[in-house]
Amino acid sequence: MYGFEALTFNIHGGYLEAIVRGYRSGLLTASDYNNLCQCETLEDIKMHLSATEYGPYLQNEPSPLYTTTIVEKCTLKLVDEYKHMLTQATEPLSTFLEYITYGHMIDNVVLIVTGTLHERDVQELLEKCHPLGMFDSIATLAVAQNMRELYRLVLVDTPLAPYFSECITSEDLDDMNIEIMRNTLYKAYLEDFYRFCQKLGGATAEIMSDILAFEADRRAVNITINSIGTELTRDDRRKLYSNFGLLYPYGHEELAVCEDIDQVRSSMEKYPPYHSIFSKLSYGESQVLDKAFYEEEVKRLCLAFEQQFHYGVFFAYMRLKEQEIRNLMWISECVAQNQKSRVHDSVVFIF
Amino acid sequence: MEYIDNLPPMDLMRSEKMTFVQLIIPVESAHRAVSYLGQLGLLQFRDLNDGRSPFQRTFVNQVKRCAEMSRKLRFFKDQIHKAGLVPSPNPASEPDIELEELEIQLAEHEHELIEMNSNSEKLMQTYNELLEFKMVLQKAGDFLVSSGNHAAAQETELSENIYTNDGYADSASLLEEEMQPVPSNQSGVRFISGIICKSKVLRFERMLFRATRGNMLFNQAPADDQIMDPASNEMVEKTVFVVFFSGEQARIKILKICESFGASCYPVPEDLTKRSQITREVLSRLSELEITLEAGLRHRDKALTSIGFHLSKWTNMVRREKAVYDSLNMLNFDVTKKCLVGEGWCPVFAKTRIQEVLQRATFDSSSQVGIIFHVMDAVESPPTYFRTNHFTNAYQEIVDAYGVAKYQEANPAVYTIITFPFLFAVMFGDWGHGICLLLGALVLIVREKKLSSQKLGSFMEMLFGGRYILLLMSLFSIYCGLIYNEFFSVPFHIFGHSAYKCRATTCSDAYSVGLVKYRDAYPFGVDPSWRGSRSELPFLNSLKMKMSILFGVVQMNLGIILSYFNARYFGNSLDIKYQFVPQMIFLNSLFGYLSLLIIIKWCTGSQADLYHVMIYMFLSPFEDLRDNQLFWGQGVLQVILLLLAVIAVPWMLFPKPFILKRLHTERFQGRTYGILGTSDMYNEEEPDSARQPHLDEFNFSEVFVHQMIHAIEFVLGAVSNTASYLRLWALSLAHSELSTVFYEKVLLLAWGYDNIVIRFIGLAVFAFATAFILLMMESLSAFLHALRLHWVEFQNKFYNGDGYKFKPFSFALFTDDDD
């Protein structure tokens with residue numbers, strides 16, 4: 001019931017919203033990051049993190065410490081929190097929470113398939129998978145030889161099955177095809193998620209459509225930039241853009257014909273929300289673009305917490321936490337490799 | 001006044017006098033000094049490095065080492081727990097070892113353990129594999145035998161399957177298959193056997209079916225034994241499977257699927273003799289391995305037991321060391337970097353002991369320079385420290401739960417020790433229930449030594465912590481129960497004969513007409529004959545209601561008087577003149593007068609209506625009291641009291657803020673700026689010191705609003721708080737009525753039947769209701785109401801409760817579960 005969430009939301013969602021807001025207050029703050037950036041060794045990072053919510057997850061780690069351990073443990077915390085929320089959730093929140101993991105699932109599928117293509121060990125690949133995107137029989141992906149088999153053997157049991165219907169071809173798997181598959185899957189996923197949120201209605205639809213539209217637009221820009229100079233035709237490229245978002249449909253027409261980054265830039269600067277991002281960019285830089293997009297995303301995600309009685313907070317929290325883990329990974333890497341001068345390059349402060 | 005000042009000091013009334021001290025410790029004796037101070041436990045360090053993050057402090061490396069060591073200790077504890085050993089509770093007394101030594105020892109132990117673990121893990125893995133192989137051999141052998149018998153049947157079935165399916169890949173592979181030299185099996189059917197987790201079987205089978213497009217036969221049988229999963233150390237159920245299929249491609253696919261499902265495949269020879277030979281080999285190797293494994297396990301257990309012997313001692317030691325370094329991190333280096341400077345609070349009485357300890361530390365570390373210990377001034381308010389014992393601690397906790405007392409302000413805990421259990425008992429008056437509570441409290445107190453050493457559940461811990469409260473509560477409820485003459489609501493003639501008798505011999509009219517008095521009053525408490533009679537409820541209600549008001553007025557007066565002692569102690573004459581005096585007048589002219597009327601009415605036995613008197617005292621103060629007059633001159637007195645009450649309100653509202661404002665302007669003579677000068681240099685010298693002066697601005701409107709709130713709260717509170725004390729009556733009534741219901745409507749009703757089953761059920765229900773509803777729920781509710789009366793009605797008259805607790809650096813305060 002639009003506008004009346006306050007009446008009924010707390011019956012099922014109140015407890016979990018309280019939980020997620022509690023989790024949010026455990027996110028690292030700017031002063032934490034400042035302290036972390038001053039660390040000399042990974043031990044210092046561990047010591048600082050032990051005073052935060054991450055403490056119990058890191059306290060039993062023997063030194064010497066590695067970046068991967070820190071990231072792994074931090075991700076473990078995220079996964080534990082997610083599982084806690086998922087087990088407490090009722091419909092439709094549980095479906096909403098499951099939607100959040102589909103993105104990771106797609107990434108994992110692509111990771112395994114690419115890995116097997118390059119003849120990596122399956123166990124090794126499994127360790128690299130994001131734990132949120134795990135599903136039963138994920139390891140069986142290695143058996144598949146082409147897309148059709150991939151679908152018929154494994155993915156038909158997963159929630160990704162409906163998204164796959166668009167890219168079933170009997171073509172062999174190669175890097176290009178896999179990348180196209182990833183983007184097609186992502187497109188279908190985002191559109192499905194968008195429709196689901198619209199169906200939920202209310203503040204959830206309002207906030208999630210904003211966040212998802214931004215996500216779709218960002219993907220469109222990234223696809224365009226990455227496909228410049230490849231053999232991907234304009235029509236194929238056009239097909240990979242999600243059919244919603246601020247850029248849909250006219251922006252997509254323009255992006256589809258872009259041949260270099262400056263054209264992308266000129267077409268994007270017409271959109272006020274993205275104007276500020278692209279105006280910061282000096283010509284030909286995509287590293288900075290990523291950070292600018294992340295910052296913009298974090299800003300939008302934080303705004304989701306300003307409203308009550310909607311599911312957007314769950315999505316926002318998961319995304320913010322992932323950003324936090326990315327930050328920690330960057331800081332730890334910089335510290336471990338003695339590149340402290342670059343430590344601020346890609347850290348996005350959350351609060 | 002002289003007399004009041006010369007009263008002997010009450011320890012618990014005011015918190016300990018504290019003093020701010022500075023320590024200058026030479027670096028070489030710093031560690032020893034701080035650990036001695038930790039043993040003494042009477043000094044609270046201030047953090048002088050507040051702005052610095054933990055890893056920028058001086059002793060960060062030592063703290064890290066301690067953290068690492070405690071991690072190792074946790075690892076040992078975990079290992080010991082996993083091995084199912086019980087660490088010996090009393091570690092042997094051994095000469096103390098140095099931290100460095102301990103560190104080396106721990107590292108050695110850890111290394112040894114990890115190596116042993118990895119060895120045994122490897123062995124375990126081989127053992128598991130062999131065990132699985134054995135099972136596969138047994139089960140798969142059965143399948144093969146049966147499949148041999150029905151080979152012909154299966155063959156036709158399989159070939160049908162193949163030909164009805166028109167997948168091109170399979171027909172191609174079938175062609176290949178035909179061209180290959182077929183091994184012993186003529187039909188081209190091969191098999192893979194293996195073992196897999198039971199939970200995965202269904203998905204595994206489905207995947208196989210899909211991958212081979214149904215061209216396979218899946219046989220499964222549950223394994224006999226559970227197999228230990230090396231990763232999680234849990235026993236898992238497994239299932240042996242045999243897949244029959246045809247074709248090389250299918251074989252690769254199936255093997256891949258097996259791998260991805262974590263199924264282990266074992267080759268099973270089809271030949272029966274070969275199979276039995278392998279089985280024999282496997283069995284013999286299994287028994288060998290078992291012996292090795294056992295030996296390894298024994299060795300490991302031995303190592304763990306020897307670690308477990310010292311574990312608690314080591315843990316304690318590491319924890320102490322970590323605490324010492326954490327405290328050292330709060331200290332600052334002085335300019336020369338040769339001394340550490342520390343600041344902190346300590347009680348005045350502890351100064352000499354601290355000095356002794358410091359001297360000992362200097363001596364023991366054979367330092368040339370002594371430790372300088374001197375008292376300084378501090379602007380910050382000192383922490384609050386009450387020296388409590390087993391008995392008073394729980395009552396102090398009750399008060400602290402509301403707020404920690406301001407430094408040296410009157411401590412309500414002193415009065416709470418008696419008033420709290422007493423007010424509880426007024427609501428819980430029943431000497432039968434009181435005896436039950438008393439028994440419980442005595443059990444807790446007698447087993448105090450044993451219980452305090454062990455870990456209790458959260459509920460038991462609460463009960464145990466409040467055992468002395470429970471004791472006094474039960475004693476007072478026995479007392480109140482005797483006054484109310486309640487024993488599970490059975491009347492008892494303890495103190496002689498009743499003064500009343502029934503009008504008729506049958507006593508049937510006691511409810512309707514009442515009783516007649518025929519001798520002197522019952523000597524103590526309520527007359528037992530009234531139970532169930534007409535006069536019972538009116539009498540008890542009137543008694544309890546009036547009693548509640550009397551208690552309330554007395555307790556509130558006590559609160560206001562305590563505010564006088566506070567003001568006097570802190571030399572605040574304004575508070576006495578403009579707060580204490582009008583408050584006293586206001587409360588007593590209204591409710592003190594009511595209490596007086598109640599007492600006079602009790603003494604004279606007058607029929608006056610006190611409601612009427614109190615209400616018309618406000619509505620028409622000059623009217624004649626007529627029948628309601630209790631004593632001569634009452635009308636005049638009422639007018640005077642009313643006038644006093646009306647005057648008292650502006651008295652407590654207006655003068656204080658204006659006088660404060662005048663004082664402030666006089667002090668600064670109209671200047672609005674503070675005094676410049678030395679304070680800046682002072683700050684630079686010791687930027688983190690507690691001695692930073694801060695001048696507070698005087699904001700008249702704020703002060704006035706505060707005073708207004710205070711006055712209004714008091715005036716309204718006087719009425720509502722007095723009414724609030726009526727809860728004593730209400731709860732007491734509820735308690736006695738409930739116990740009457742359970743006694744008469746359950747126990748007596750059941751006893752009326754001449755049937756043992758019904759009697760027994762009645763008794764059970766009665767016992768259950770008494771234990772859970774009356775003893776637990778009712779005592780809980782009475783406890784909460786007594787708590788409220790203390791926190792709200794009593795303490796808001798005088799208690800600030802904005803202090804902070806004294807937290808000395810002490811080893812004794814460490815508990816086992818703080819890591």
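A, B, ... follow the sequence lines: proteins, then strands. Residue 1 opens every chain. Just so we're clear, the structure is a prediction, and the values are computed from it rather than from any experiment. These numbers come from the heavy atoms of this one structure, side chains and all, not from hydrogens, waters or symmetry mates.
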Worksheet item: Between B:Asp326 and B:Val63, is there a donor-acceptor pair closer than 3.5 Å when you use the side chain of the first and the backbone of the second?
Response: no
Worksheet, complete the sentence: Comparing A:Lys46, A:Gln38, A:Glu40 against chain B, the one with the most heavy-atom pairs below 4.5 Å turns out to be A:Gln38
Practice prompt. Could you check which of A:Ala51, A:Pro56, A:Cys39 has the highest count of heavy-atom pairs closer than 4.5 Å to chain B?
Written response: A:Cys39
Fill in: Nearest atoms (heavy-atom pairs only) where B:Phe45 meets B:Met330
CB-SD, 3.8 Å
Item to complete: Under 4.5 Å heavy-atom distance to chain B, tell me which part of A:Thr116 shows up: side chain, backbone, both or neither.
Response: neither
Practice prompt. Using the test side chain to side chain donor-acceptor pair (under 3.5 Å), find all partners of A:Asp192 that sit at least two apart in sequence or belong to another chain.
Written response: A:Tyr99, A:Tyr163
Discussion item. List the residues meeting ring-ring contact (aromatic ring centres under 6.0 Å, His included) with A:Tyr186, not counting sequence neighbours, and say none if there are none.
Written reply: A:Tyr189
